[in-house]
Structures are given as C-alpha cells and as structure tokens.
Amino acid sequence: MDKLVIEGGRPLSGSIRIHGAKNAALPIMAASLLCEGKVQLQNVPRLLDIDVMLGILNRLGCSAIHKGDTVIVETSGANTCHVPEDLMKQMRSSIFLMGPLLARFGEVCIYQPGGCAIGERKIDLHLRGLSALGAKIEENDHQIWCRASKLKGNDIHLDFPSVGATENIMMAAALAEGTTIISNAAREPEIQDLQHFLNAMGARIMGAGTDTITIQGVSRLEPCDYEIIPDRIVAGTVLIAAAATRGTVTLTHTYPSHLTSLFHVLRRAGVQIGAYNDIITISSIGRPKAIERIVTSPYPSFPTDLQSQIMVLLSLADGLSLMKETVFEGRFKHVDELVRMGADITVDMNSAFIRGVPRLYGATVEATDLRAGAALVIAGLAAQGKTVVEQIHHIDRGYDRIELLFQRLGGVMHREAPILRQLDLA
Ligand code: EPZ
C-alpha cells in the first residue's frame with residue numbers, strides 16, 4: 001500500500017485550483033442512467049471513487065470513460081439492473097444507483113454498500129423513500145431487491161436530512177407519475193448541483209438547497225453536458241492546512257458561499273480570510289485561538305467532513321476547544337493518531353476535548369478513512385520533523401493526488417509506492 005512521507009514545519013504559500021466535487025459528481029454520474037444517450041460531465045476529478053463509479057456504469061452495460069477532467073457516459077447500452085457486489089462494496093455512493101435503475105428498469109438489485117468506516121451508515125431512509133414511491137422491497141442477508149412497475153409521486157418526510165436519501169428519492173421521482181414533495185430534505189450544495197443537472201436533462205425539480213424539494217415527474221429525460229461544482233471539502237481542507245502551518249494561500253475555482261460556516265470558525269481562531277468571486281485568500285501568522293465549541297451538523301452548519309481536519313488546527317490552538325460530532329457515530333478514529341503526534345485530546349462519547357499544544361511532532365500514523373487521512377496530512381505538514389501516513393488509498397478516494405496539491409503550495413512530501421509497484425511488477 002502507498003504511503004506519504006511528509007517533512008513538516010513549513011508555512012504553505014502560493015495559489016491552487018480546487019478540483020470538482022466528488023460528492024456532486026458521484027450522484028450525477030449515477031443519474032446519467034435516467035436518460036438514453038451520451039452525457040458529458042466536465043470538472044470531474046480523478047479519484048478512486050470516480051473510478052469505481054465508472055466501473056459500475058460499464059458493468060451495467062454503459063460505455064463510461066474519463067478523459068482529462070471530463071467523464072463521458074453513453075447509457076444506451078445499459079442492460080442490467082444488478083449492481084455488481086464487488087464494486088458495490090467499495091464505496092457508499094454505489095447506493096445512488098438505486099433510484100436511477102429503479103426509474104429506468106422498474107427494478108434494481110443492490111448489496112449493502114461499502115464506504116468509510118465512520119458509523120453504521122444505514123440505508124433505511126433510502127428504502128423508505130423509494131417504497132413511498134411505490135417500490136416493493138425484498139431483503140435477504142446480503143441482497144436487496146427493489147421493484148416497481150410504475151413509480152408514483154408522493155409526499156415523503158425524512159426523519160433525518162440524509163444527503164444520499166434525498167438524492168436517491170430526487171432521481172427516482174424525476175421519472176415518476178405525478179408530484180413528489182420531500183420535506184426535511186438535505187440542503188447541501190451537492191443536492192443543488194444534482195437538481196441543476198436533472199433539470200438540464202428536462203426534469204422539473206425545485207427547492208434544492210432548502211428543506212423542501214418538489215419534483216414534478218416527467219415521462220422522459222434527455223442527455224446533456226454539465227459542469228460539476230468545485231469541491232468545498234477539498235477547499236476547506238486546504239484552508240485549514242494553510243491555517244495550521246501559518247501560511248498564506250490563495251484558492252481559485254471555488255464557491256466561497258459553500259464554506260461560510262468554516263470561514264466563521266477560522267475567523268474566530270484569528271485567521272484572516274478574504275473571498276471575491278471564485279477566489280478565497282487566507283493568511284495566518286500567529287498561533288490559532290481555541291474555539292469554545294464546534295458542533296457538526298447538516299448544511300449549512302459546520303460540515304462533518306471537515307471535523308477531523310479542523311481538529312488538527314484546534315490541537316495547535318492556545319487553549320481548550322470542544323468538538324461535538326452529531327452526524328456520524330464513529331468519526332473520531334483520527335484522534336488516537338493525532339495523540340501519537342503530541343496532541344492532547346480526550347474523547348467522551350461524541351465529544352472531543354482538545355487542549356492545544358505549542359507543536360506537534362512527526363510520527364508514523366495510519367489513515368483510517370478519507371477525511372481522517374486528510375487530517376493526518378495536515379498534521380504532518382504542521383508538525384516538526386518527519387511524518388509517514390500509511391493506508392493512503394483512503395485519501396485517494398477523495399483527493400486527486402494530495403501530494404501534488406500540497407507540493408504546489410510548498411509542502412515537502414512525496415508518495416512511496418511498494419517496491420514491486422515501483423518496479424512495475426505488482
Ligand atoms: C454523504 O454521505 C457524503 N457522501 C458524506 O461524505 C457526508 O459525510 C454525508 O453525506 C453527510 O454530509 C457522499 O455524498 C458520497 P447521510 P451519506 O445519508 O449520504 C444516517 C466524504 O467524506 N442515515 O446524510 O451517506 C447515517 O447513518 C463522505 O466525502 C440513516 O440513518 O450521508 C448518518 O449517521 C463521508 N439512514 C447520517 O444519517 C439512512 O438511510 C448522515 O448520513 C441514511 C443515512
């Protein structure tokens with residue numbers, strides 16, 4: 001398995017272009033199954049999860065390729081509603097195939113999805129939403145069948161504003177008979193991007209970005225070209241890395257309005273942030289201030305996907321901070337690794353008490369999931385000495401060659417592949 005070797009202690013500086021959003025591209029790639037023809041998606045990053053979704057689409061009979069930052073999916077050849085188990089197990093986003101396949105073929109067979117080990121990650125809200133549209137669900141110990149001769153619009157209330165469930169219901173309802181209203185819907189920017197894409201294909205959806213989304217079903221959708229929004233979590237990760245290394249960095253190709261909650265936290269920590277059009281600038285000179293309390297919750301509140309990263313900054317702050325994680329029950333796996341680098345963090349249930357220390361020290365640490373891995377890279381950049389981050393395939397799921405991203409900002413790090421891979425014998 002590849003690892004990253006980082007020489008820390010240098011402030012980041014320079015300018016970086018932020019790539020397209022993984023969590024927008026994945027559902028939109030799945031949604032391309034709702035039409036027959038060629039869909040072209042621009043600004044799609046090169047990530048392991050994107051590769052897995054391309055693999056699933058090709059196994060379903062589509063022709064899906066990634067050229068530069070453009071994904072081209074020809075969906076006319078789709079000939080099965082059976083999502084391959086081996087690929088389904090590799091990522092949570094394979095669940096997004098349920099809605100489109102059900103709408104297109106009237107049935108879908110999936111397996112419990114894989115993904116980051118950050119909690120139980122049930123799919124009951126997805127299944128309840130699809131059955132509200134008329135799907136009959138059959139589950140056995142590892143397979144889930146969904147069948148619906150005709151999907152019919154309905155009023156659906158989500159017990160929790162689940163991002164994935166909101167997206168699956170939107171995609172299925174787009175071709176249902178009649179109108180669907182989703183209340184307590186997720187409000188993330190990626191939901192809005194999906195609405196814009198579906199409407200570009202001829203769907204009639206409104207309300208994404210609010211807690212109520214209305215979908216008027218149509219009989220057919222047409223292929224289109226579409227550009228994916230920038231990745232707000234990658235942008236947030238870079239901003240936090242700049243603050244943790246007391247650097248001065250400019251980000252381009254961003255949507256600053258997607259990061260308001262992070263800006264608020266960083267300013268409270270004493271960091272200077274500016275935003276103009278698609279550009280964000282950050283400058284951090286002194287030691288960050290502690291933040292009395294940060295609570296993760298659904299958008300537009302502080303995102304759970306930046307929780308592990310901001311904890312690195314708080315580990316270096318002057319004082320005691322409290323982090324409360326309310327979205328996933330198992331998302332503190334990075335804490336033990338940060339403590340091995342000298343952080344002073346105590347966890348109690350879903351709360352972490354972070355007593356800032358003057359510095360972190362390099363160590364050999366292990367990425368346990370995508371964002372925990374990104375946090376360890378930030379810690380390595382800020383720490384004194386050498387850090388080795390292992391199991392970085394987790395990071396490659398959501399960051400396009402993270403070492404190049406930070407090298408461009410003056411970070412000293414390189415990727416080490418196993419010797420057999422280096423000799424191209426693996
Ligand atoms: C999406 O996951 C993102 N993934 C996650 O990003 C992100 O952390 C999460 O939304 C929250 O913002 C993608 O978009 C591919 P949820 P998703 O359904 O859809 C519970 C990353 O790092 N729940 O909003 O799986 C669930 O257990 C990833 O890029 C149910 O109980 O998130 C969790 O506690 C990690 N039943 C909470 O809701 C369900 O049927 C939030 O889950 C569905 C979810």
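Index from 1, following the sequence. In each ligand, atom 1 is the first atom listed, and ligand 1 is the first ligand listed.
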For atom 39 (C) of ligand 1, which of the options K122, E329, K22 provides the nearest non-hydrogen atom?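 Answer by nearest heavy atom: K122.
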Polar atom proximity, [X] to ligand 1 (N or O, under 3.5 Å):
X    : result
L125 : yes
T304 : no
R371 : yes
L370 : no

Assign the ring pair H82 / W145 to parallel, tilted or perpendicular, where the plane angle (0 to 90°) is split at 30° and 60°.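 Because their plane-to-plane angle is over 60°, the rings of H82 and W145 count as perpendicular.
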Show which atoms of ligand 1 fall inside a sub-4.0 Å distance from at least one heavy-atom site of [X].
X    : value
D305 : 5 (C), 6 (O), 7 (C), 8 (O), 21 (C), 22 (O), 28 (C), 29 (O), 35 (C)
R331 : 8 (O), 22 (O), 35 (C)
G164 : 18 (O), 19 (O)
V327 : 33 (C), 34 (O), 37 (C), 41 (C)

When you look for heavy atoms under 4.0 Å from ligand 1, do you find them on the side chain of Q307, its backbone, both, or neither?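 Near ligand 1, Q307 shows nothing, with every heavy atom at 4.0 Å or more.
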With sequence neighbours left out, which residue pairs that include part of residues 28-38 fulfil the salt bridge (charged side-chain N to carboxylate O under 4.0 Å, His left out) condition?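 Non-adjacent pairs meeting salt bridge (charged side-chain N to carboxylate O under 4.0 Å, His left out): E36-R104.
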Can you name the residues that form a salt bridge (charged side-chain N to carboxylate O under 4.0 Å, His left out) with E292, not counting sequence neighbours?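 Salt bridge (charged side-chain N to carboxylate O under 4.0 Å, His left out) check on E292 returns nothing, list empty.
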Between D278 and Y255 (side chain of the first, backbone of the second, donor and acceptor by atom type, cut-off under 3.5 Å), is there such a pair?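 Between the backbone of Y255 and the side chain of D278 there is no qualifying donor-acceptor contact (under 3.5 Å).
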May I ask you to decide if I95's main-chain N or O and N168's side chain share a donor-acceptor pair within less than 3.5 Å?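 Such a contact is found between N168 side chain and I95 backbone.
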Just one of L41, I229, V44 clears the side chain to side chain contact (heavy atoms under 4.5 Å, CB included) bar with I28, so which one?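 The single option meeting the side chain to side chain contact (heavy atoms under 4.5 Å, CB included) with I28 is L41.
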Looking at Q309, R232, R371, which hits side-chain hydrogen bond (donor to acceptor under 3.5 Å, both in side chains) with T237?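 Exactly one pass, corresponding to Q309.
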